Number of protein chains: 2
Amino acid sequence: MPQATPWTPPLIAVAVDLAVFTVLDEQFAVLLIERGIEPDIGSLALPGGFLATASEDLSAAAARELAEETGLDAAQVHLEQLATYGVPDRDPRQRVVTVCYLALVPGPLSPMAGGDARNAAWRPVDDIEPASLAFDHATILAEAVERARSKLEYTTVATSFCGPEFTMSELRRVYEIVWGRRLDPRNFQRKILNIPGFVEATGKQTVRNGGRPALLYRAGPARLVQPPILRTRTDDSSPQ
Amino acid sequence: MPQATPWTPPLIAVAVDLAVFTVLDEQFAVLLIERGIEPDIGSLALPGGFLATASEDLSAAAARELAEETGLDAAQVHLEQLATYGVPDRDPRQRVVTVCYLALVPGPLSPMAGGDARNAAWRPVDDIEPASLAFDHATILAEAVERARSKLEYTTVATSFCGPEFTMSELRRVYEIVWGRRLDPRNFQRKILNIPGFVEATGKQTVRNGGRPALLYRAGPARLVQPPILRTRTDDSSPQ
DNA sequence: GGTGCTATCGTCAAGGTGACCAAAAGGAGG
DNA sequence: CCTCCTTTTGGTCACCTTGACGATAGCACC
C-alpha cells in the first residue's frame, strides 16, 4: 500500500487482447492472428497489443484494436470486458497484465474489411487446437467461448451477430451454431416474441427463392432476458 | 503493438481492490476503510493496494490484501475476479489500473480478526452514500453488489456466507437479506434439495430454544445451479 | 396445378413454480 | 400434563412455461 515514505508501486506493461467472434459460413468463428515475431512465432494468438500511451483508456484501446483488425467501429458491435490475466510468467519477455475484451460482430459483413489484416483470419472455434495458441490464449479463448455461449442465454446479444435486419430463422441459426444444438423453430419463435423488446417487426419480409417469405425484424431495446433462454441438453446435438 | 524497433510499452501502476461482502447482523454488508491519506482523505474506500512487487500474481495480491484486512485465508472464502477499471483520471496522482475482486466471507466468524484493522468496518450496503466513496469506488461497489446478487441465482456461493454447517433457514436468510426479498420457507427448501449437490445432510440437528429442531447441512460439491433460482418480483419485498 | 420448401400458428401433455394447508417437534407457562 | 407458541418440514393444487409435434400459409419450380 502507498506510504508517505517515497515508496513507489511497481510499474507494469498493460495490454489489451480481443476475442472477436462472429457467425460465418454456418460456423462459430473467432479472429486469430499468426504471430510474426518472437516469442511463440508462428503460433496463433488473439489480436491485441499494449496501451498506446500511458493515458489511453482501456476500453478505448480495445476499440482501437478492434478497428485496426476488423475495420469496424466499436459503436456497431457488442464490446464488453471479459477478464484480466496476469500470471507473472505468461509472457517470457516481461511482466504483462492483459485486459481481455469480448467482441461480437455481425457475420457476412465483417471480412476484415479495412483492417490492416496482416495475417488475421476467422477460424471455427471447434477446429482450434489449444496447443497451437500462444501464451495463455487457450485459456482465455475457452473462457471467452463459454462467456459468449452463456450471454446468449440471458441477454439479447445474439442480435449482434446478425445484420440490421434479420429473419427469425437467421436469429435461430445464431443460437444453433453458437450452442451447437438444434432448436425447434416454432418454440424458438414463440419464446423470442414473448420477450418484450427483444425484437421489433419491421413490417417487411424477405424475397427469396423457394419457401414462404419470412418476416424481417430488427433488434429491440431490451438487453436482458428474464427468465433466460436455457440451453437444455435435449434436442438434437448436431447443429447442421 | 510491439515492433522490432526499440519501442517500449508504457508502464502503469497496477492495483488490486477488494469488495468483501458478508451477512452480518441480518444485513448485507461490505468491508470499507476510511482513507487516512490523500487524495480523498476521510472518504470511504474499498480495501486494496498496489502490487507488492513487479512479479506478484494478481490473485495472490488479492488473497494477500484479503488476509491483511480480515485475517481470513483465501482458501476459506469465495474469491473471484470482478472486473478491471482503468479510466485515465480515476486517480489524480497517477495512472492506475485496478483489478477488482469479489470476496464472500461467512458471517459471524469474520470480524476482522487478526487483520491490521486500522479503520476498516462492515457497512450495510443499503446505508452507503455513493458520494461518500473515494475515486470510482461507488461504481465498482454497485457492480460488485449486482454481481453478488446474481451469483446467488445460478451458483451455490450462498453457502460461502454460512459457516461450515448451517440450517435451511440460515441459508434462506442469506438469500432474503442479499436480495431484499422474502422467500417462502417450504418452496425454498424444496428447490434447494432438488438441486443435486447443493447441500449435504450432516445427520445432526440444532439444539435451540423454541421451535422444532432444524436439520444441519454442509455445502455440497455442486458449484453451478441449473436451472437458476430466479429472484422474482413477487413475494414480499421487506426482508425483515 | 402439383410438388417441395420454408415460415408461422395451434394444440397438448409434462414438469416446475408460487401459494397455501397441515403436521411434526421442541420450549414456556399454567 | 396440557395448552399455546414457535420453527421446521411434508404435501397439495392451480397456473405457467416448456418441449414435442400436427397443421396451415405462402412462394418457387416443374
Side-chain angles (χ1 to χ4, degrees), chain A residues 26 152-154 162 165-176 179 181-196 198-218 225-238 240, chain B residues 26 152-154 162 165-176 179 181-196 198-218 225-238 240:
Chain A
E26 298 284 297
L152 260 59
E153 289 187 329
Y154 62 96
C162 304
E165 294 186 347
F166 48 87
T167 68
M168 197 58 73
S169 291
E170 290 169 356
L171 185 62
R172 177 170 47 83
R173 282 305 287 161
V174 166
Y175 277 87
E176 290 181 337
W179 283 350
R181 285 173 173 78
R182 276 215 172 279
L183 300 174
D184 184 89
R186 299 153 290 194
N187 294 335
F188 179 81
Q189 167 160 280
R190 179 182 56 191
K191 216 162 186 176
I192 299 296
L193 293 181
N194 277 339
I195 298 169
F198 197 144
V199 295
E200 293 173 344
T202 63
K204 294 183 285 187
Q205 58 184 23
T206 55
V207 272
R208 242 163 347 102
N209 40 352
R212 173 176 174 175
L215 297 176
L216 281 171
Y217 299 90
R218 58 173 162 265
V225 170
Q226 202 164 15
I229 308 168
L230 295 176
R231 37 179 165 158
T232 57
R233 340 101 207 82
T234 62
D235 294 334
D236 197 332
S237 64
S238 61
Q240 163 71 349
Chain B
E26 299 284 296
L152 260 59
E153 290 187 330
Y154 61 97
C162 303
E165 293 186 349
F166 49 86
T167 69
M168 195 59 71
S169 292
E170 290 169 356
L171 185 62
R172 177 171 47 84
R173 281 306 285 160
V174 167
Y175 276 86
E176 290 181 337
W179 284 351
R181 285 172 173 79
R182 277 217 172 275
L183 300 175
D184 184 89
R186 300 150 290 191
N187 294 336
F188 179 82
Q189 167 160 278
R190 179 183 56 190
K191 217 161 184 176
I192 298 296
L193 294 182
N194 276 339
I195 297 168
F198 197 144
V199 296
E200 294 174 344
T202 63
K204 292 183 285 186
Q205 58 184 23
T206 55
V207 272
R208 238 156 358 97
N209 38 350
R212 174 175 174 173
L215 297 176
L216 281 170
Y217 298 90
R218 58 173 164 265
V225 170
Q226 203 166 13
I229 307 167
L230 294 176
R231 36 178 166 157
T232 57
R233 342 100 206 79
T234 63
D235 295 333
D236 197 332
S237 63
S238 61
Q240 164 80 341

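Each chain gets a letter, A, B and so on, in the order the sequences are listed, and its residues count up from 1. Predicted model, so just to flag it, every value in this text is computed and none were measured. Just so it is clear, the values below take in all heavy atoms, side chains as well, and ignore hydrogens, waters and symmetry mates.
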| said: For R218(A), give me all partners under salt bridge (Lys or Arg N to Asp or Glu O under 4.0 Å), at least two apart in sequence or on another chain. | reply: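 If we apply the salt bridge (Lys or Arg N to Asp or Glu O under 4.0 Å) test to R218(A), skipping adjacent residues, the hits are E200(A).
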
Output the rounded distance in Å from [atom1] ([X]) to [atom2] ([N]).
X	N	atom1	atom2	answer
E153(B)	dT17(C)	CD	P	13 Å
R182(B)	dG18(C)	CZ	P	16 Å
N194(B)	dG18(C)	CG	P	12 Å
L183(A)	dA20(D)	CG	P	10 Å
R181(A)	dT18(D)	CZ	P	17 Å
Q205(A)	dA28(D)	CD	P	11 Å

| Ionic contact status for K204(B) with E165(B), cut-off 4.0 Å |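 Here E165(B) pairs with K204(B) in a salt bridge, since their nearest N and O are under 4.0 Å apart.
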
Can you tabulate the close N/O pairs, meaning under 3.5 Å, that link protein atoms to atoms of nucleotides 1-3 of chain D?
none

| request: Let me have a per-nucleotide readout for nucleotides 7-17 of chain D, 5' to 3', with B, S or -, counting only protein heavy atoms under 4.0 Å. | output: BBBBBB-----

| task | Verify salt bridge (charged side-chain N to carboxylate O under 4.0 Å, His left out) between R173(A) and E176(A), making sure each step is shown before the conclusion. | result | CA-CA 5 Å; R173(A) 282 305 287 161; E176(A) 290 181 337; 2.6 Å; yes

| Going by heavy atoms in the side chains, are P228(B) and L230(A) under 4.5 Å from each other? |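 Yes, close enough: below the 4.5 Å cut-off.
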
| Once you round to the nearest 0.5 Å, how far does CG of L183(B) lie from CD of Q189(B)? |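 CD of Q189(B) is found 13.0 Å from CG of L183(B).
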
| query | Could you go step by step and tell me if M168(B) and L215(B) meet the side-chain contact (heavy atoms from CB on, under 4.5 Å) rule? | reply | CA-CA 7 Å; M168(B) 195 59 71; L215(B) 297 176; over 6 Å; no

| task | Please lay out, stage by stage, how L171(A) and Y217(A) fare under the test side-chain contact (heavy atoms from CB on, under 4.5 Å). | result | CA-CA 10 Å; L171(A) 185 62; Y217(A) 299 90; over 6 Å; no

| task | Please lay out, stage by stage, how F188(A) and Y175(A) fare under the test ring pair (Phe, Tyr, Trp, His ring centres under 6.0 Å). | result | CA-CA 10 Å; F188(A) 179 81; Y175(A) 277 87; 5.4 Å; yes

